[in-house]
Amino acid sequence: MIAALGFLAFTVSIQPDLLASGQAALRAGDLPGAELAFRAYLQSNPNSAEGLSNLAAVHSRREQYQEAIQLYEKALKANPRLYPIHFNLAVTMIRVKDPRAIGHLRAFLQQQPDEPRARQLLGLCLVEAGDNRSAITELESVYRRSPQDPSILASLAYAHARGGNEDRALDLLSRMDANPVQANLLKGLVEYRRGRFAEAKDLLRRVVDASPDNPQAVAALGRLHLLENDDAEAIRLLDSAVKLNPTDAESWYQIGVLHARNERVDQGIPCLRKALSLRANYADPHYQLGRIAFDRKEYSGALREFEEARRILPNQEAIRLMLGRTYQALGRDSEAKAEFEEVRRLKAAVIERDRQRVESDALMR
């Protein structure tokens, strides 16, 4: 009897440990470890709202948003009083442009009305829903509390611009210069997206010099050096970026590519695998791992990677071409022929699309 009670006590005590160890792994960016711990916890506690919501967070980090939404909804059914789940569910729904996010943000704010992030997100969701008046009301209330926050300034300016008050929008944007680090970060990221790389590099360098622990700026600056083929500096910056933010899948991928193209393939492969552990349906690391395996004449491994990349991006010419070459190397000629024909079809579609764009531009002159 004493032995049985001792076993029971051990069994009971280990369950919270699984939940805590999963949460620690999640904070450290170890998504596979976190998933294993949460699933083990849920085997004994299948209706635990905490276990379900933590597993949902793993899926959300991997960009498996629909799976995350289903788990968050199940967690709310298990414990409707666990109101923070509403916020996490709303954030995930925003990723897939699900308008139900508005209802979950309002449910969260009923319990925690002074949470600025939730109110800011609610305002942005209302802008996208076309309810500019309500959006401005929400965002103005957040702005009054944090008038120097550049993200709030940008959100409010966007809402006013959408609502037709461009003067108010421009006035708000002009105030971002009061915080030069944040202003330069936002401007640098905008210039990066516009393809104005020299301007972006100058702005982001200023941010990193002033705030070397800003992961967004460090990662973006690393990518700019990658584009310039300055591999040594790109690796240095991207290594710093993943130390600052271990869940940055794109930076892990780019580090893997850089190592591989500098003849450090064995260092690059773990980085590419890390990127895949952090983001689901990420075709680029599969493609790069396939290229590495193909170059090593490991054609079965290359085939697995290229077929997975094709599943994710079926209309990507480079993937289909390498898949055809892999089928060819394996003696699967009919499948290789089908892939090469698809590459020709994709190329022809691009040429036709470009031709139509040129003709359309000529008509607009």
Using side-chain heavy atoms (C-beta onward) and a distance below 4.5 Å, is [X] in contact with [Y]?
{"X": "Leu237", "Y": "Glu233", "answer": "yes"}
{"X": "Arg100", "Y": "Glu73", "answer": "yes"}
{"X": "Leu19", "Y": "Asn45", "answer": "no"}
{"X": "Thr247", "Y": "Trp252", "answer": "no"}
{"X": "Tyr253", "Y": "Gln288", "answer": "yes"}
{"X": "Ile94", "Y": "Cys125", "answer": "yes"}
{"X": "Phe87", "Y": "His104", "answer": "no"}
{"X": "Ile269", "Y": "His259", "answer": "no"}

Hydrophobic cluster membership, [X] vs [Y], 4.5 Å side-chain cutoff:
{"X": "Leu330", "Y": "Leu289", "result": "no"}
{"X": "Tyr65", "Y": "Val58", "result": "no"}
{"X": "Leu238", "Y": "Val265", "result": "no"}
{"X": "Leu321", "Y": "Leu303", "result": "no"}
{"X": "Val218", "Y": "Leu185", "result": "yes"}

Could you go step by step and tell me if Asp266 and Arg273 meet the salt bridge (charged side-chain N to carboxylate O under 4.0 Å, His left out) rule?
CA-CA 11 Å; Asp266 289 337; Arg273 295 287 182 205; over 6 Å; no
Could you tell me whether [X] and [Y] have a side-chain N and a carboxylate O separated by less than 4.0 Å?
{"X": "Arg310", "Y": "Glu305", "value": "no"}
{"X": "Glu191", "Y": "Lys201", "value": "no"}
{"X": "Arg223", "Y": "Asp248", "value": "yes"}

Is it the case that atom [atom1] in [X] sees more than 12 heavy atoms from other parts of the structure closer than 6.0 Å?
{"X": "Arg325", "atom1": "CZ", "value": "no"}
{"X": "Arg95", "atom1": "CZ", "value": "no"}
{"X": "Arg117", "atom1": "CZ", "value": "no"}

Locate the shortest heavy-atom distance separating [X] from [Y]; write the atom from each residue and the value.
{"X": "Ala25", "Y": "Gly33", "value": "CB-C, 4.1 Å"}
{"X": "Ser21", "Y": "Ala37", "value": "OG-CB, 3.8 Å"}
{"X": "Ala234", "Y": "Gly222", "value": "CB-O, 3.5 Å"}

Give the intermediate values and the outcome of side chain to side chain contact (heavy atoms under 4.5 Å, CB included) for residues Asp231 and Leu226.
CA-CA 6 Å; Asp231 290 2; Leu226 186 154; 5.6 Å; no
In Å, rounded to the nearest 0.5 Å, how long is the span from [atom1] of [X] to [atom2] of [Y]?
{"X": "His86", "Y": "Leu76", "atom1": "NE2", "atom2": "CG", "result": "4.5 Å"}
{"X": "Leu121", "Y": "Glu115", "atom1": "CG", "atom2": "CD", "result": "9.0 Å"}
{"X": "Leu156", "Y": "Glu138", "atom1": "CG", "atom2": "CD", "result": "12.0 Å"}
{"X": "Asn54", "Y": "Tyr41", "atom1": "CG", "atom2": "OH", "result": "9.5 Å"}
{"X": "Phe108", "Y": "Leu89", "atom1": "CZ", "atom2": "CG", "result": "12.5 Å"}
{"X": "Arg119", "Y": "Leu109", "atom1": "CZ", "atom2": "CG", "result": "4.5 Å"}

Ignoring hydrogens and geometry beyond distance, is a side-chain donor-acceptor pair present between Tyr299 and Gln328 at under 3.5 Å?
no
Using distance alone, with no hydrogens and no angle criterion, decide if His59 and Gln64 have a side-chain donor and acceptor under 3.5 Å apart.
yes
Using side chain to side chain donor-acceptor pair (under 3.5 Å) as the criterion, point out the one residue from His286, Arg311, Arg62, Glu63 that pairs with Asn281.
Arg311
Does Arg291 count as lying over the ring of Phe294, i.e. NZ or CZ under 6.0 Å from the six-ring centre, within 45 degrees of the axis?
no
For residues 213-222, which residue pairs qualify under side chain to side chain donor-acceptor pair (under 3.5 Å), counting only residues two or more places apart or in two chains?
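Qualifying pairs, neighbours excluded: Ser211-Asp213.
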Using modelled atom types only, decide if a donor and an acceptor are shared between the side chain of Glu228 and the backbone of Asp230 within a distance under 3.5 Å.
no
N/O donor-acceptor pair under 3.5 Å between Glu298 side chain and Gly301 backbone:
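Flag not set: sc Glu298 to bb Gly301 has no pair under 3.5 Å.
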Apply salt bridge (charged side-chain N to carboxylate O under 4.0 Å, His left out) to residues Glu339 and Arg344 and explain how you reach the verdict.
CA-CA 9 Å; Glu339 290 302 318; Arg344 285 191 287 272; over 6 Å; no
Can you list the steps and then say if Tyr327 with Glu307 is a side-chain hydrogen bond (donor to acceptor under 3.5 Å, both in side chains)?
CA-CA 10 Å; Tyr327 282 135; Glu307 286 185 333; 2.7 Å; yes
Consider side chain to side chain contact (heavy atoms under 4.5 Å, CB included). Of Val208, Leu203, Asp202, which one does Asn184 pass it with?
Leu203
Partner of Leu122 by side chain to side chain contact (heavy atoms under 4.5 Å, CB included), out of Leu139, Leu105, Val142:
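Going through the options one by one, the only one that passes is Leu105.
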Can you list the steps and then say if Asp239 with Lys243 is a salt bridge (charged side-chain N to carboxylate O under 4.0 Å, His left out)?
CA-CA 6 Å; Asp239 276 338; Lys243 287 174 184 173; over 6 Å; no
